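Take a look at the structure below.
Please read all numbers here as calculations on a predicted model, not as lab measurements. Note on naming: letters A, B, ... go to the chains in the order of the sequence lines (proteins, then strands), and numbering restarts at 1 for each one.
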Protein chains: 2
Amino acid sequence: MGLRDRKKQQTRSALTDAALRLADERGLDHVTVEEISAAADVSPRTFFNYFATKDDAILGDPVITAETVCERLLAVPREVPIIDAVLGVFTPAIEQIQADRELWLLRMRVIKNNPALLPILFARGAADEQLFVAAVAARGGLSAEDTFPQLAAVVTGAAFRVAMMRWSAAGPDHRLADFVCEAFGLLAAGLAHPVPTHQEVV
Amino acid sequence: MGLRDRKKQQTRSALTDAALRLADERGLDHVTVEEISAAADVSPRTFFNYFATKDDAILGDPVITAETVCERLLAVPREVPIIDAVLGVFTPAIEQIQADRELWLLRMRVIKNNPALLPILFARGAADEQLFVAAVAARGGLSAEDTFPQLAAVVTGAAFRVAMMRWSAAGPDHRLADFVCEAFGLLAAGLAHPVPTHQEVV
DNA sequence: ATAAAAGTTTGCAGTGCCTGCAAGTTTGGC
DNA sequence: GCCAAACTTGCAGGCACTGCAAACTTTTAT
């Protein structure tokens, strides 16, 4: 990678870093693009060369592209239940997030304090979601217009989001993977009422 | 209701109607608040006395308040599985939407064409979502910090959203209730792979 | 009926996000 | 070193949205 691209990468993360730090300190609404740009030593106009919106700077680059998700999902044999398949597909991303723990905890804190950001946490756009739906459909030999793939895609996404929130709220010794497994497990159980201690399922 | 409130109601729906119509014609991005206000015969400043954001005018009033949801949910006996409980709680809202079919189909078309609106379709705000989580928790004798209520609330919301999308995409003879039931049924089945015709579950 | 009170609409001025355009400046290949 | 491509920047401008204070309208009390 040449000097050029290295510099771009630097500017990019300088911008997210500044955005995250400032938003964490004062709340996203009390930080202007002008301030973020100043903190990253670029002009406000340049900010928008890197990110389409102020929010995007907070969210940074996606950990995993929709294309990768689709590709991997299609590689999972059809016998594997969709929940396990999705879990497998996301595992590398989960580990990636776990590795960048500090960054992500900060990011999640900012998201939690600025709920406007929340929807974008998973399924960053309708386009990505549609790709995901299509992949689930293809893997199951179904149409993207069928209920199952649409539901599976959206619901696993929602479950993942819940896992992220819980992980970020938990203590430092927890692994994101555990939260995701727990959530997906409950999903696979059909959201059956969890058994309080010493109680049998009816 | 006095003249005053009647007029307010009139203005309010004139604004949503104008917003929906114009957004449907040209796309939300190509409609300004000024235009919506002009179509509804009020000043742009007045628009913002009625709706906090342009999006809100599209979305109109919530069909069911978070408070009602919580109230009803707490009334459902604990033995009823959460999915059935939620289904029961939403039924009146579902019928309400079905009754205002024309309005909602238009609204859904606008939402589909302007995916930025999509997240707000269910769980209009983080606050509402939290109330919902709390209600699910209370009904199940769990804490709002537990995984189960958080997951159940978010996931059923997502499923409802999918049902709405499917209903709006389907022909005129379909009932929203059927789509919701189908989605909730798949959820209850743990997102098991649906059986294609003439095939046995492994 | 009339005047005061309470609630609504409106214009105005201002902030901040975001965009297109037309320079300037930096970088990589020759 | 020199050219072309890529990147940065300033400027002008559109639009969402807000607070404030001045009309205006409905309601209430007399």
Side-chain angles (χ1 to χ4, degrees), chain A residues 1-20 22-23 25-61 110-111 114-120 124-125, chain B residues 1-20 22-23 25-61 110-111 114-120 124-125:
Chain A
M1 198 194 291
L3 172 71
R4 194 169 221 139
D5 298 88
R6 232 176 314 131
K7 264 198 168 174
K8 273 192 83 169
Q9 202 48 53
Q10 249 175 274
T11 304
R12 200 177 173 80
S13 66
L15 282 171
T16 21
D17 287 354
L20 276 173
L22 292 173
E25 284 168 7
R26 323 182 198 159
L28 188 53
D29 299 342
H30 301 105
V31 181
T32 68
V33 168
E34 200 172 346
E35 291 167 325
I36 297 173
S37 316
D41 248 310
V42 293
S43 82
R45 187 63 186 83
T46 296
F47 177 97
F48 289 106
N49 288 338
Y50 281 86
F51 300 102
T53 68
K54 191 167 76 164
D55 294 355
D56 280 348
I58 296 287
L59 297 170
D61 298 317
V110 172
I111 291 174
N114 300 274
L117 296 171
L118 210 146
I120 332 183
R124 202 156 190 152
Chain B
M1 199 193 290
L3 172 73
R4 197 172 217 134
D5 299 271
R6 232 175 314 129
K7 263 198 169 176
K8 275 192 82 166
Q9 203 48 52
Q10 248 176 275
T11 304
R12 199 177 174 79
S13 67
L15 283 171
T16 23
D17 286 355
L20 276 173
L22 293 173
E25 284 169 8
R26 324 181 198 158
L28 188 52
D29 299 343
H30 301 104
V31 181
T32 68
V33 168
E34 199 172 344
E35 291 166 326
I36 298 172
S37 316
D41 249 311
V42 292
S43 81
R45 187 63 187 82
T46 295
F47 177 96
F48 289 107
N49 288 338
Y50 281 86
F51 300 103
T53 68
K54 191 168 76 164
D55 294 355
D56 280 348
I58 297 286
L59 297 170
D61 297 317
V110 172
I111 291 175
N114 300 274
L117 295 171
L118 209 147
I120 331 183
R124 201 154 190 156

What is the minimum heavy-atom distance between A/A57 and A/A19, and which atoms define it?
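For A/A57 and A/A19, the tightest heavy-atom pair comes out as CB-CB, 4.0 Å.
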
Hey, which of these two, B/V33 or A/D41, hits DNA chain D nearer its 5' end, going by closest nucleotide?
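So the residue in question is A/D41.
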
B/A18: side-chain contact (heavy atoms from CB on, under 4.5 Å) partners, not counting sequence neighbours:
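Testing B/A18 for side-chain contact (heavy atoms from CB on, under 4.5 Å), a comparison that skips the adjacent residues, returns B/I36, B/A39.
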
Using the side-chain contact (heavy atoms from CB on, under 4.5 Å) criterion, which residues pair with A/N114? Sequence neighbours excluded.
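A/N114 satisfies side-chain contact (heavy atoms from CB on, under 4.5 Å) with A/L28, A/V110, A/L117 only.
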
Take atom [atom1] of [X] and atom [atom2] of [N], then tell me their distance rounded to the nearest Å.
X      : N      : atom1 : atom2 : value
A/D56  : C/dC17 : CG    : P     : 14 Å
A/Q9   : D/dC7  : CD    : P     : 12 Å
A/Q10  : C/dT27 : CD    : P     : 11 Å
B/H30  : D/dG14 : NE2   : P     : 15 Å
A/D29  : D/dC17 : CG    : P     : 13 Å
A/L117 : C/dC17 : CG    : P     : 13 Å
B/R26  : D/dC15 : CZ    : P     : 11 Å
A/E35  : C/dC18 : CD    : P     : 14 Å

Apply ring pair (Phe, Tyr, Trp, His ring centres under 6.0 Å) to B/Y50 and list each qualifying residue two or more places apart in sequence or on a separate chain.
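Ring pair (Phe, Tyr, Trp, His ring centres under 6.0 Å) check on B/Y50 returns nothing, list empty.
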
For B/F48, enumerate each residue passing the ring pair (Phe, Tyr, Trp, His ring centres under 6.0 Å) test, keeping only those at least two apart in sequence or located in another chain.
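Once residues adjacent in sequence are excluded, B/F48 has no partner under the ring pair (Phe, Tyr, Trp, His ring centres under 6.0 Å) criterion.
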
Selection from D/dT8, C/dT27, D/dC7 that lies nearest to any side-chain heavy atom of A/K8:
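It is D/dC7.
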
Please check: side-chain N/O of B/K54 versus main-chain N/O of B/V31, any donor-acceptor pairing under 3.5 Å?
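Yes; at least one donor-acceptor contact below 3.5 Å.
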
Got a second to check how far A/D61's CG is from A/D56's CG, nearest 0.5 Å?
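Between A/D61 CG and A/D56 CG, I get 9.5 Å after rounding to 0.5 Å.
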
Distances under 3.5 Å between protein N/O atoms and the N/O atoms of nucleotides 11-15 of chain C, please, pair by pair.
| from | atom 1 | to | atom 2 | distance (Å) |
| --- | --- | --- | --- | --- |
| C/dG11 | O6 | B/R45 | NE | 3.4 |

Could you run down the sub-3.5 Å N/O contacts of the protein with nucleotides 27-29 of chain D?
| from | atom 1 | to | atom 2 | distance (Å) |
| --- | --- | --- | --- | --- |
| D/dT27 | OP1 | B/L3 | N | 3.3 |
| D/dT27 | OP1 | B/R4 | N | 3.3 |

Tell me, which pairs form a salt bridge (charged side-chain N to carboxylate O under 4.0 Å, His left out) where one or both residues lie in residues 25-49 of chain B, sequence neighbours left out?
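Only B/R21-B/E25, B/R26-B/E35 qualify under salt bridge (charged side-chain N to carboxylate O under 4.0 Å, His left out).
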
Do B/I58 and B/T16 have side chains that get closer than 4.5 Å, going by heavy atoms?
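Sidechains of B/T16 and B/I58: no contact.
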
With A/T46, which residues qualify under side-chain hydrogen bond (donor to acceptor under 3.5 Å, both in side chains), at least two apart?
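A/T46 satisfies side-chain hydrogen bond (donor to acceptor under 3.5 Å, both in side chains) with A/S43 only.
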
According to side-chain hydrogen bond (donor to acceptor under 3.5 Å, both in side chains), who are the partners of B/R4, at least two apart in sequence or on a separate chain?
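With sequence neighbours excluded, B/R4 shows a side-chain hydrogen bond (donor to acceptor under 3.5 Å, both in side chains) to no residue whatsoever.
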
Phosphate contact (C/dT26 OP1 or OP2) by A/K7 side-chain N/O below 4.0 Å
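No, A/K7 has no side-chain N/O under 4.0 Å of OP1/OP2 on C/dT26.
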
Give, ordered by number, those residues of residues 47-55 of chain B having at least one heavy-atom distance below 4.0 Å to an atom of DNA chain C; if nothing qualifies, reply none.
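Within this stretch, B/N49, B/Y50 sit under 4.0 Å of the strand.
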
